[in-house]
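The structure under discussion appears below in the form of structure tokens.
In what follows, every chain begins at residue 1, and chains take the letters A, B, ... in the order their sequences are listed. As the structure is a prediction and not an experimental result, all values here were calculated from the model.
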Amino acid sequence: MKTATILEVENLKVYYFTQRGVVRAVDDVSLEIDKGELVALVGESGSGKSTLAYAIMRMVPPPGRIVSGRIVLSGIDITSLSEEEVRKLRWSKVSMIFQGAMNSLNPVMRVGDQIAEVLLYHGAVYDVEEGRKIARELFKLVGLDPERVMSYPHELSGGQKQRVVIAMALALNPDLVIADEPTTGLDVTTQAKIMDTIRDIQRETGISVLLITHDLPLVAEVSDRVYVMYAGKIVETGDVDKIFYTPQHPYTKGLIGAVPSHIGPKKRLIALPGEPPDLRSPPPGCRFHPRCSYAMPICKRKEPPRTGTGPRDFVECWLYAGEEVKKVA
Amino acid sequence: MGLRAYVARRTIELAISLILFMALMFYVFRLMPGDPTAMLIEETAFTSEMREQLRRMWGLDRPLHEQFVIFMKNLLRGELGISFIYQKPVADLIFGRKMLNTLALLIASHGMALLIGMVLGVWAAWRRGKVLDIASLVWALVLHTIPVFWLGLMFLLIFAVHNKWFPLSGTITPARDYAHVLEYMGDYLWHLALPAATITLIRLGGDFLIMRNTMVSVIREDYVTAAIAKGLPEKIVVWKHAARNAMLPIVTLAGLDMATVVSGAVLTETVFSWDGIGRLLYEAAIYRDYPVLQGLFFVITLVVLLANFFTDLLYAYLDPRVRYD
Amino acid sequence: MDKVYRSLLAFLVLAVMLASSMGPITPIVKAEKEYYKLEFEVLVPEYDPVRIRAAELLSQYAAQVGIKIHVRPVDLNYEITKTQDEHDFDMYIIGWSSKNMPMYISSFIKISEDRPGGNNIEGIRNETLDKLAHMLDKTVDPEKQKEILWKIQEILADQVPYVGIYTRFLTQVWVKNLKGLHKEYWGYASPMTWRTAYFEGKKGGTFVVILADDLRTENVLLARSIYEDMVWDALYDTLVYLDDNYSPKPWVAYKYEWSPDGKVWTFYLINNATWHDGKPLTADDVVFTFEYLVKNNVPGFRFVKYVEKVEKVDDYTVKLYLKEPYAWLLYDLADTPILPKHLWENVQWNVSKAPLIGSGPYKWSKRVEGEYIELVKNENYWRRDMPKMDKLVFRIIKNFNAALLAMEAGEAHFYVYYIPTSAVDRVKKNPNLHLNLERGVTFYYLGFNLRRPPLDDVWLRRAIAYLIPKKEVVEGPLQGLGEPCTWYISPYFGELSNPEVPKKFPWIGSIEPNIEKAKEMLAKSDKYEYKDIDGDGILEAIPKAKPTTTKPPATVTVTTTETASPSPTPTGTAAERVVTKTVTKTVTASVTVTAPAPTSPATAPAGKGLSTLAAIAVIIIVIAAILLFLRRRAG
Amino acid sequence: MEAVSVKRYRRFERVIEFWRAYSRTRLGLIGLGILLFYTLMAIFAPWIAPYDPKARVGGSFEPPSAEHPLGTDEMGRDILSQVIYGTRVSLLVGVLAALLAAAIGSAVGMVSGYFGGLVDDLLMRITDLFLVIPGLPFIIVLSVVLGPSIWNIILVIAIISWPSVARLVRSETLSLKERLFVQASRVSGATDLYIIVHHILPNVLPIVAASMVLTITSAIILEAGLSFLGLGDPTKISWGTMLYFADRQGALLSDNPYYIIAPGIALIGIGLAFVFVSYALDEVVNPRLRERER
């Protein structure tokens, strides 16, 4: 079922040019999201997930820069647009639920006004009152008391703030919502409620969602497709079932193995040994090889090629290079 | 706690600390070696009998604790005494032209410094890491270390001696007849220009640095990133979201800094012969004019305490998170 | 709880340590010792680089003789308190003009002035000098005055309780076309200058004078600085004035005379003087002025204590009765403004705003505090030819640089105070400015505390006098804008200055440090033996056994027939007065300075300091406790 | 014995590590270089200075020439020599005043933070009192009380600067005393004094030192200001007294403006050096300040 592609990232490279060297935070990444899809991007912290998200918003903070590649959002290549053009696309085409959402609310502004201003500056409404009216509607949608629009952020609970942020993300009815670790810092029950809300709204409105997280059980529960990112590269992608039941890449296996079973007692089964590499000087060859238990000599010399595992799925690993997919028990 | 109770408590606290502070200063002043009548021997015909007579007149012949009681009684009645050298009530002396001059100087210079410093700070933080930001950073550090009186002397050297653009001293042109009030104002501002510019520049460094640094950390806050992501125009992001939050520390510091501000006036007023309370204070110390010293410290401390108080109120207004306690 | 007490104790110790470190330097009480180290401290006002340098140079030369002198720059107020009030010092350098002026010198040498606050700072207790001083104050005859003054100068030069270092020239600046200036104590900013100065080739005009300080009060009786005097001199008239040769001349009193005993003075007033408000100035005003000053015992007028009564003879004649003859009455009157009775009758003498109506050549116009004082010509001044200017403006410019710029720009015409030596070259180069270099009355001297052994030894003082590099100071830091001081009465006063002094007393006449002579002086001492006992390069003074036969004190037979003799003033009727003196030449040799008077610590500064500190500590703690209590209660 | 040497070795290692981090900051190295220059100038002043700074060696206010690179002052003294000698007083006053302030501040801060309760409240009220006192006026009065001498200036500057150190040290002490090693030490019966000296003090020293660097700068500038007002010791050559006499003696209008310019430049140089060093120290001590990398 090939529907319209909302987002298409092609061979994207985003580097940080720091005083102490070039950090290759996103290195030759390609990614696709279709309309109405909920795609998860998983990986350890520092793997470049957030940078990728910022790149899609085209707000990579200095000294970072998009070096090459294309980002096509609803048919528009945003890498070539001017700052002002990008500004207009932001939030109207793609909005974001930030990591630590409670901090993305301005503490000295009423929450309703923070939503109203979005509408105002994108020309959706002509005065603040009208904006607040829409904000009230959005509050109802996300399950908040509409009267809360006049509150200041510090007067709300963590879950309430999170809902405000979600409401804000929906304000302009965008094509894509990037949710960057939307539930960190919340207690488990609230997490679940928030995720349910997101999922419900997504199903209702048909908005595409890019969920960035390292919370694998959550991914298994809500997402359609999964991209696994390691040290600036996508190492494997596939349908959620494929990734969880037949992971190919040793890193993916490690990740899933490291997940505390949500059925049994909470304990790490196979811990991933070692640390993610320093992206200023990533190891030569496969970036995962220092931590990989299947590492071969070639892994240290050459970068692994991409091996297709499905229509849109692939894995980048020497284990599968040039071969048909091998089932690994 | 409600606003009213808060203000009431703070007022009581303020009054008590002020009175106790004045009691402390009373003794500190009398600890100064020297004598209020000593400088009078410069007048050729002054004899020691005359000095004695003056001491009696000024009540300096009484025991110290008696003087203290009299002083405290007067203070509680709101009287600051009579100046030894000027022979007039200290209140008249302080709240006259001298106070106006000092206020004009301080408000002009600090207002400017705060305004320019804030705008530049916001601007530099927004473009952090760029060449101009780094250049202004270094400049701010340099300005921060320049002694205010030296900068004043330099200004005099360049703008009053070398090029006679500005006057060397005073607050107005002496004995000039003014056709219009505006003419008078113009003359006053012309005299004010150099001293005000001096303080402005010196303060600018500090204000800029504080503003830039808070701004830099505010810019890293998620709500600023969010504001950008929301596609708001840059101006709105910078001023409405970032700058308003970054303003909090500088407002607090400006209030807490009142002590330094009032103090700094002494040096600048000396360099430019600006007839303000800074000069008055210095002269009063030289002449041991106790009532004037007490009066000045009373006023300055009061101003500082009040500034702190109002800063707290302002802070509470700017930041809805703050409660009175 | 135990911990709390312990830390409280720790805090108290800390506070006391802090407080005690803040205490004023307590004087080291020198116990009676076998010998005294020649180590002294010289107090110098901290603001004058010339005097500091002078002290440093003296210290250098003294070190070559084995006398250690520490230079201690202090705040002037502190120096005066330490020297004049507390007598707690070894040596001091200060500039005090009165000390070399004939009309004031007596107050510096009287034994009765040797008390806390008295003018006899050095502690001179010389019977002869004391008698001469008292006699001087009662002697009106200039010849006799001169004789007594010469004697006084010789004794001072011989005993060296203090020694002049240098005098500064009157370095006053005015614009070249300003003429008709007259001289007085402070140079050309004299009362007569305001009356007679004019611009060459121009009628009237505005005369702008720069003062370095503002009026502190608007009350002539509270004038405390020379600048205030200058303003009031233009607004008020006096009975007499001092001419360029420093002798009293008639003014509002066109004639004056005195009784043979010098106790009754009659002043005849001109009859066309008026107040600025149009009322005539009459004897009533003069009588009122005297009585007002006497009744209120207004400080600053020395003659007041001699006045017995004042009498109005007729509308323009006043008689002043004195309790005893007073030599300097006319000088004092030259400084005493005549006050309008009709305005001052109900005014307290010490108000900050007194009536500003005088009878002088200029009327009060306006004043901007800290900026300027404007006076306008009094069209009805009794001297029809005065003043020459239409307006007299006193600009207040505290900063010398600004003053000089104003002078150069032609915005001001006269800078009344001495310009800094550094500006002399610049002024000289300016074709429009006139720099007046002339000897003034200033007297910068080194004083000794005679109460402190071994400074009670005249030979030591002479030795130190020999070491003062007077010439070097004048040519160095002073850049030639002054003269080395070799006198006790300034040559400014002509004949009253004894020209013999520098010749007869070589330590006073010497203007270059003379190490050999200084050593010679020390060797001659009959009081101490000076030698370096401990080998640290600093001499010690070992008291010699008291000579068994002390010479009898000087026999100074002063027979004064109590008939005062007025000086031949323009109108003065010369009366006869005989002063028979048998002051033999041996006086100088035999007069000894009496043993040091018991040191008179006016108030023990240490005690005062400590109790005040304790009070401060207590107050700090109380403040903290109360604030704490408030905080606690508020929750 | 062995334990001691190991401890010492560790300390040495820490110093090396610190230096590595420090030497990476460019500003810090520049600042240190300037400081070294000034220090050498202060130590070797008699050998570097071309003339005796107090002796008359030329005419008054001579403009710069080959003999007098910065000209002469009103008394014909060489200005370059005075500037060189002036380094001594400025450095001495700056360093000693900051040390004294740090000592008082740490003592008060540690006692206050460690014992807490009434003592803490009392000490902090006093500290607040000092923070509210209008600085320069108070210093002027105190200087007049104590008389002009560099020792008194040092004392006065310390009196006005200690409260901020006290607050800093107090908050650090508060967190330290809850740490395990302090608790353990207390349980094992160590006296309060022992804990303060052996556990608290070594741990607050780094932040005290970092704050001291800035105190030195302000102390140097404050000394110049006081001297400029005529409250300094005029027999000691410092940049402040030079400016005081330059202003008083009319250097503004003279032929030699370097009399005013030179001491000021010297002051700014040393001030900047300390600011740079403190900037670098901040970066090393507080790694949070380092630019975040994503």
Examine whether an atom of [X] lies under 4.5 Å from a heavy atom of chain D, and if so say whether it belongs to the side chain, the backbone or both; otherwise answer neither.
X        : value
C:Lys429 : side chain
C:Glu79  : neither
C:Glu56  : side chain
C:Leu57  : neither
C:Asn77  : neither

I'd like to know if the side chain of C:Trp174 reaches the main chain of C:Leu433, judged simply by a donor and an acceptor atom lying under 3.5 Å from each other, with no hydrogens or angles considered.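 Between the backbone of C:Leu433 and the side chain of C:Trp174 there is no qualifying donor-acceptor contact (under 3.5 Å).
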Taking C:Arg53 for its side chain and D:Lys54 for its backbone only, find out whether a donor-acceptor pair lies under 3.5 Å.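 Yes.
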Relative to chain C, which segment of D:Asp73 carries a heavy atom at a distance below 4.5 Å: side chain, backbone, both, or neither?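 Nothing of D:Asp73, per the 4.5 Å heavy-atom cut-off to chain C.
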Those residues that, when tested against D:His198, pass ring pair (Phe, Tyr, Trp, His ring centres under 6.0 Å) (two or more places apart):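 Testing D:His198 for ring pair (Phe, Tyr, Trp, His ring centres under 6.0 Å), a comparison that skips the adjacent residues, returns D:Tyr194.
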What option among C:Leu405, C:Leu478, C:Asp425 has the most heavy-atom pairs under 4.5 Å with chain D?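 The residue among C:Leu405, C:Leu478, C:Asp425 with the greatest pair count is C:Leu405.
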What residue in C:Pro73, C:Ala55, C:Gly476 has the most heavy-atom pairs under 4.5 Å with chain D?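 If we count pairs closer than 4.5 Å to chain D, C:Pro73 comes out on top.
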Residues that D:Thr241 engages under side-chain contact (heavy atoms from CB on, under 4.5 Å), provided they are two or more places apart: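 In terms of side-chain contact (heavy atoms from CB on, under 4.5 Å), with neighbours along the sequence ignored, D:Thr241 is linked to D:Ser227, D:Ser238.
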Knowing that exactly one of C:Tyr415, C:Tyr418, C:Tyr417 qualifies, which makes a ring pair (Phe, Tyr, Trp, His ring centres under 6.0 Å) with C:Phe400? C:Tyr415
Do C:Glu512 and C:Tyr61 make a side-chain contact, defined as non-hydrogen atoms from C-beta onward lying under 4.5 Å apart?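 Answer no - side chains too far apart.
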